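Model, not experiment: these values are computed from the prediction. The figures here come from the full heavy-atom set of this structure, side chains too, leaving out hydrogens, waters and symmetry mates. We count residues from 1, following the sequence as given.
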Amino acid sequence: MTGPTDFPGPHDLGRSPNEGPIALKDRLPLGIALLALAVAIAALVIAVGDDDNVDGADQSEATATTSAPVAATPAPIPTTTIGTVQTLPPTPTTTADQQIVTATTTAEVEVDDGAEQRLILAVVGIGYDSTLNVRDEPGGQIVARLDSTDTGVVPTGTIQVVTGVSWHEVHAAGVVGWVSGEYVTPLGATIDATTEIVGRLGETPSAANLAALGRTVAGAMASEEPESRVRISGEPTVGELSEVTMDVVGQPDDSIRGFRLHIFATRNSDGTFTLRNVEGTVMCYIERGVDAQGICN
């Protein structure tokens with residue numbers, strides 16, 4: 001006969017032999033684990049979705065941050081370069097050349113005006129029985145003639161060099177023409193050169209005639225290198241006080257070109273002439289001129 005403990009109760013029907021309160025208890029952690037897994041998966045899905053939005057938000061914000069300063073403070077324009085291009089004109093090559101030419105022309109005019117005031121030229125180095133030709137152009141037709149001691153020649157400042165000879169445009173004899181620079185020069189100061197001449201000769205010279213006396217006196221001032229051109233530029237004049245003028249052109253000096261010697265002599269009873277005194281006038285170079293004191297520059 002079976003006791004109560006031998007037969008299962010109605011609530012035990014359908015259970016496996018291993019099912020019981022302990023087995024159900026073991027299932028609970030598994031369910032919790034599955035539930036936690038499902039929650040984790042859901043959280044992962046949500047997280048993945050949130051990460052995409054964050055990147056987009058960050059990118060959007062970054063874009064906004066990047067674009068906002070561009071709108072507010074645009075990239076600086078190279079204003080210096082643009083300003084330079086806009087405000088500074090191109091290099092004024094032509095204008096500069098024109099200004100230089102104008103300045104040079106003005107300077108030349110000023111120099112020319114000064115030359116007309118200061119550099120009054122004299123005819124030098126030709127004989128008293130000759131004249132200096134004034135031509136309409138260098139080597140051209142003769143338009144006037146100047147005496148051997150003419151001192152009224154005014155240069156315009158215009159010069160032409162033809163076959164090594166400098167031709168000067170001048171106002172002379174009422175015309176404007178051209179003369180050779182070999183035969184005109186500015187004169188400087190005049191001094192008493194008697195002591196200098198006598199000292200060089202070693203004695204007071206005498207000669208049979210004024211021409212010979214003039215050559216002797218001029219020889220004291222002549223140069224061998226360069227060789228001086230000696231001419232009787234003023235006709236010998238015999239009188240109570242006789243006189244003759246000699247030109248000595250060519251000196252070994254870069255300032256003094258030569259001398260004009262105005263020689264005075266006493267006529268002796270035998271008809272000879274003895275030097276009394278000499279006035280020497282210095283010749284200067286046209287290119288260098290002469291100062292207000294008559295000293296060659």
Side-chain angles (χ1 to χ4, degrees), residues 119-156 158-188 190 193 197 205 207-224 226-239 241-251 256-265 273 275 278-287 290 296:
L119 291 183
I120 306 300
L121 306 181
V123 178
V124 298
I126 64 175
Y128 68 89
D129 54 354
S130 298
T131 57
L132 176 62
N133 295 323
V134 181
R135 301 180 183 272
D136 61 351
E137 62 181 4
Q141 298 297 317
I142 298 172
V143 294
R145 290 182 172 88
L146 304 177
D147 291 336
S148 60
T149 56
D150 200 328
T151 58
V153 183
V154 180
T156 66
T158 303
I159 303 171
Q160 289 188 27
V161 178
V162 180
T163 61
V165 177
S166 295
W167 288 80
H168 296 257
E169 187 182 49
V170 298
H171 295 278
V175 300
V176 176
W178 295 82
V179 296
S180 170
E182 293 292 316
Y183 301 102
V184 290
T185 195
L187 298 179
T190 298
I197 297 296
N209 54 62
L210 284 175
L213 179 63
R215 291 190 183 94
T216 300
V217 172
M221 303 299 294
S223 167
E224 293 182 359
E227 184 178 359
S228 298
R229 184 169 75 247
V230 179
R231 296 290 185 273
I232 304 174
S233 58
E235 183 177 6
T237 304
V238 177
L241 186 62
S242 302
E243 59 185 277
V244 63
T245 302
M246 304 293 298
D247 281 355
V248 182
V249 182
Q251 293 290 306
I256 298 174
R257 184 179 179 188
F259 302 95
R260 169 160 286 175
L261 305 175
H262 197 189
I263 302 166
F264 298 90
F273 295 86
L275 177 65
V278 181
E279 292 179 353
T281 301
V282 66
M283 299 177 184
C284 304
Y285 287 96
I286 299 176
E287 297 78 8
V290 56
C296 298

Separation between OG1 (Thr185) and CD1 (Ile256), nearest 0.5 Å, reads 11.5 Å
Just by modelled atom types, is the Thr131 backbone N or O under 3.5 Å from a matching donor or acceptor in the Arg145 side chain? no
With Pro236, which of Leu213, Val244, Thr245 fulfils side chain to side chain contact (heavy atoms under 4.5 Å, CB included)? Val244
Could you measure the distance from the CD1 atom of Ile159 to the CD atom of Glu287? Nearest 0.5 Å is fine. 6.5 Å
I'd like to know if the side chain of Ser180 reaches the main chain of Tyr183, judged simply by a donor and an acceptor atom lying under 3.5 Å from each other, with no hydrogens or angles considered. no
Which residues pass the salt bridge (Lys or Arg N to Asp or Glu O under 4.0 Å) test with Arg260, sequence neighbours left out? Asp247
Between Gln251 (side chain) and Met221 (backbone), is there a donor-acceptor pair under 3.5 Å? yes
Between Leu261 and Ala218, the two heavy atoms sitting closest are CD1-CA, 3.9 Å
Taking Asp150 for the side chain and Gly152 for the main chain, is one N or O donor matched with an acceptor at less than 3.5 Å? yes
So Leu187 and Met283, side-chain contact (heavy atoms from CB on, under 4.5 Å) or not? Walk me through it. CA-CA 5 Å; Leu187 298 179; Met283 299 177 184; 3.9 Å; yes
What distance separates Leu241 CG from Phe264 CZ, expressed to the nearest 0.5 Å? 6.5 Å
Nearest non-hydrogen partners of Pro155 and Leu121, listed with the distance: CD-CG, 3.9 Å
Considering residues at least two apart in sequence or located in another chain, which fulfil the side chain to side chain contact (heavy atoms under 4.5 Å, CB included) criterion with Ser148? Ile126, Tyr128
Heavy-atom pair with the smallest gap, counting every atom of Val175 and Ala144: CG2-CB, 3.9 Å
Can you name the nearest heavy-atom pair linking Cys296 to Val282, along with the distance? SG-CG2, 3.7 Å
Check whether any side-chain heavy atom of Leu275 lies under 4.5 Å from a side-chain heavy atom of Ile263, and answer yes or no. yes
On a heavy-atom basis, which atom in Ile286 and which in Pro186 lie closest, and how many Å separate them? CG1-CD, 3.6 Å
Once side chain to side chain donor-acceptor pair (under 3.5 Å) is applied, do any residues pair with Glu243, and if so which ones, sequence neighbours excluded? His262
Without swapping roles, check the side chain of Thr237 against the backbone of Glu235 for a donor-acceptor pair under 3.5 Å. yes
Looking at residues at least two apart in the chain, or sitting in another chain, which of them share a side chain to side chain contact (heavy atoms under 4.5 Å, CB included) with Ala211? Asn209, Arg215, Ile232
Please identify each residue that fulfils side chain to side chain contact (heavy atoms under 4.5 Å, CB included) with Glu169, with sequence neighbours left out. Thr156, Thr158, Val176, Trp178
If you count heavy atoms of other groups shown closer than 6.0 angstrom to CD of Glu224, is the number above 12? no
Non-hydrogen side-chain atoms of Val184 and Leu132 separated by less than 4.5 Å: yes
Can you sort out the partners of Thr190 under side chain to side chain donor-acceptor pair (under 3.5 Å), two or more places apart, ordered by chain and number? Thr281
Is there a side-chain contact between Ser233 and Val124 in this structure, where contact means two heavy atoms from C-beta onward sitting under 4.5 Å apart? no
Correct closest heavy-atom pair for Ser242 and Leu210 would be CB-CD1, 3.6 Å
Answer whether the closest heavy-atom distance between the side chains of Glu182 and Arg229 falls below 4.5 Å. yes
Any donor-acceptor pair under 3.5 Å from Ser228 side chain to Gly250 backbone: yes
Residues 136-143, side-chain donor-acceptor partners within the protein, below 3.5 Å, at least two apart:
| residue | atom | partner | partner atom | Å |
| --- | --- | --- | --- | --- |
| Asp136 | OD1 | Gln141 | N | 2.8 |

